[in-house]
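Remarks on the structure that follows.
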Amino acid sequence: MNIIETRNLTYKYPDGTKALDAIDFSVEKGNITAILGQNGAGKSTLLLHLNATLKPGDGIVYLKNEPFAYNKKGLHHIRSTVGMVFQNPDDQLLAPTVLQDVAFGPKNLKLTGAQIKQRVDEALCLVGMNAYADKPPHFLSGGQKKRVAIAGVIAMLPEIIVLDEPTAGLDPQGCAEIIEILDELNAEGKTIIFSTHDVDLAAKWADEIYVLHEGKIKNNGTATQIFADHAMISGTGLRLPTFVQTFRELKARGISGGDSPLTMLNFVESVSKPFNVLQVRCAITSTDVCAGENVGLVMKNGALFTTRIDAGSDVKNNAIGTVLYDAKAGEDIVVSGKTGTLSPKTGDIHIVPIPCVIEGGSRAVDLETICAVIARLRPHKIGAMGTSAKVAVRKAGIQCDFEVDVIQSSILAALRGLDVMVFATGGMADRVIRKIEGNNKHGGQQIKYLRLL
Ligand SMILES: Nc1ncnc2c1ncn2[C@@H]1O[C@H](COP(=O)(O)OP(=O)(O)O)[C@@H](O)[C@H]1O
Ligand SMILES: [Mg+2]
C-alpha cells in the first residue's frame with residue numbers, strides 16, 4: 001500500500017522560483033525511501049509538502065489514498081501521522097531543557113501526566129538521550145541535538161517519519177548512530193522518508209530512491225536500478241557510490257563480476273567468485289620463514305595462517321603456497337599460491353532477541369542468562385543492534401565488537417570463519433535472519449544461524 005503519495009505536485013515560491021515541477025512520488029508503507037539530489041534540487045520543498053507545511057500550487061498529496069485536507073481537522077490528522085525532523089535541529093529545539101522539548105508535542109495531545117512521562121521516557125531512551133533530560137538543548141553536540149529532535153517527533157507516535165538531510169554535518173560516528181536509531185524505528189514498522197545528497201548512504205540504506213534534479217524526478221527504483229544509470233547520475237551532478245566506482249575499475253580488469261555492489265558485503269561477493277584468491281594472499285606466519293619456502297595454508301579464527309610442512313606429514317587437503325619474502329613468526333607475509341583449495345568453514349551467527357523499550361527493554365532480560373549464553377558459546381565477535389540490546393549488553397559488562405552496521409559486519413565475520421553473537425532489539429532479530437537467508441541464497445558460502453532464548 002502507498003502510505004503517502006504526490007501526483008503532479010508543482011510548487012512555485014512567492015518570488016517566482018519553480019521549485020517542484022509535476023512530481024509523482026509514492027512511498028510504500030514500511031519502506032525506507034531516499035530523495036537524492038544536489039543542493040537546490042527541491043528536496044526540502046518536496047518534504048515540506050508531506051506534512052502540509054507547504055500547500056501545492058498544483059497537484060495533490062495523498063495520505064493513505066485520501067487527498068490532504070488543509071483545514072484544521074485535516075492538518076491535525078496529517079501532522080499526527082507524518083512527523084518531520086528538520087535539517088537544522090536549532091529550528092526544532094526551542095524549550096529550555098531536553099525533557100521539556102520532547103514533552104512539548106505530547107502535552108498538546110490532552111494526555112495525562114503519566115502518559116506524557118511514559119512517552120517522553122520511551123522516546124529519550126530509544127535515542128539514547130535519557131541521561132541528558134535536564135540539559136539545555138543548545139549545550140548538546142550536533143548529533144545529540146539531532147537525536148533529541150527525533151525523540152520529539154517519535155513521542156508523537158507518527159506512522160511516517162520525514163527527515164531532511166538527517167546526517168548532514170555529522171561526523172561518521174554521529175551519522176551511524178542516527179541511522180541505527182532510524183533502522184530500529186523502521187523495524188518497529190515506521191515508514192522512513194529522508195533527503196540526502198550522500199549517494200553512499202542512499203545506496204546502502206534505502207529500499208527505494210527518487211532522484212530529484214531541478215525540481216523534477218529523474219528516476220526512481222532500487223539502488224541497483226538507480227546506480228546502473230551512469231549517464232543520469234552524472235547529469236544530475238551526483239556521483240556513483242564508492243563501491244560502484246571501485247567495482248567498475250575491478251570489472252574492467254577482469255577481477256570482479258556479477259551485479260554492481262552497493263555494500264561491503266556485495267563487494268566481497270563480487271570479487272571472491274571469479275578471482276582465484278590463492279594467487280596472492282596475505283597470511284600470518286606461525287614460524288620464521290624464508291623467501292621461496294613452501295608453507296601450508298589454513299584458515300583459523302577468520303584469518304589465513306601458514307603452517308610448516310613437515311616431511312611425511314599429510315598435507316593433501318591443505319593449500320600450499322610459496323612465501324615471497326623472509327619474515328618472523330607472527331608477521332604478515334605475502335604468499336603466492338601453488339596448489340590445493342582453502343575451504344574456510346564459515347562461522348555461526350547466534351541471534352539473541354532483546355525486548356524493545358515498549359516491551360520492557362533491557363529490564364525484561366536476565367543478565368545472568370546473557371552472560372551464561374556467552375560463556376557457553378564463546379563467540380569470537382559480539383554485536384548489539386538497537387537501544388535495548390546495547391543497554392542490556394552494557395549492563396552485563398560485555399565488550400561489544402559491532403555497534404553500528406551490525407548485520408553486515410556479522411555476516412562478513414562469519415564468512416571469514418568467526419562465530420558471532422548478535423543481540424537484537426525487538427523486530428531487528430527477524431531482520432538479521434532475513435539478511436543471512438538472503439546472503440545464503442546469493443552467496444556461495446552458507447552461514448548457519450540460530451535464534452536463542
Ligand atoms: N523561501 C524560498 N524562496 C524562494 N526560493 C526558494 C526558497 N526556498 C528554496 N528556494 C529555491 O527553490 C529551489 C529548491 O530549493 P530546496 O527545496 O531548498 O532544495 P534542496 O533542499 O534540494 O537543496 C532552489 O532553487 C531554491 O533556491
Ligand atoms: Mg534542503
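Both ligands and their constituent atoms are indexed starting at 1 by order of listing. Everything numeric in this text was worked out from a predicted model, so none of it was measured.
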With rounding to the nearest 0.5 Å, note down the distance linking CD1 in Ile209 to OG1 in Thr222.
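One gets 7.5 Å once the value is rounded to the nearest 0.5 Å.
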At a cut-off of 2.8 Å, what protein N/O/S atoms sit near the Mg ion (ligand 2)?
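Within the sphere that stays under 2.8 Å of the Mg ion (ligand 2), the protein atoms of type N, O or S are Ser44 OG.
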State whether [X] and [Y] are salt-bridged, where the test is any N-O pair (Lys NZ or Arg NE/NH1/NH2 against Asp/Glu carboxylate O) under 4.0 Å.
| X | Y | value |
| --- | --- | --- |
| Asp229 | Lys218 | no |
| Glu165 | Lys43 | yes |
| Glu159 | Lys64 | yes |

Taking ring-ring contact (aromatic ring centres under 6.0 Å, His included) as the definition, give me every residue that meets it alongside Tyr132, ordered by chain and number, with sequence neighbours left out.
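Here no residue qualifies.
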Go through the steps for Leu262 and Phe247 under the test side-chain contact (heavy atoms from CB on, under 4.5 Å), then give the verdict.
CA-CA 9 Å; Leu262 298 167; Phe247 170 81; over 6 Å; no
Mind jotting down which protein residues get a heavy-atom contact under 4.0 Å with ligand 1? Chain and number order, please.
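The answer is Tyr13, Asp15, Thr17, Ala19, Gln38, Asn39, Gly40, Ala41, Gly42, Lys43, Ser44, Thr45, counting any residue whose heavy atom sits under 4.0 Å from ligand 1.
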Taking CE in Met232 as the centre, count heavy atoms belonging to other residues, nucleotides or ligands within less than 6.0 Å. Is the count above 12?
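Yes, the 6.0 Å shell around CE holds more than 12 heavy atoms from other groups.
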With sequence neighbours excluded, give me every salt bridge (Lys or Arg N to Asp or Glu O under 4.0 Å) pair touching residues 110-132.
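Passing the test, one end in residues 110-132: Lys117-Asp121.
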Run the side-chain contact (heavy atoms from CB on, under 4.5 Å) check on Gln408 and Lys204 step by step: do they pass?
CA-CA 11 Å; Gln408 173 169 266; Lys204 77 169 181 201; over 6 Å; no
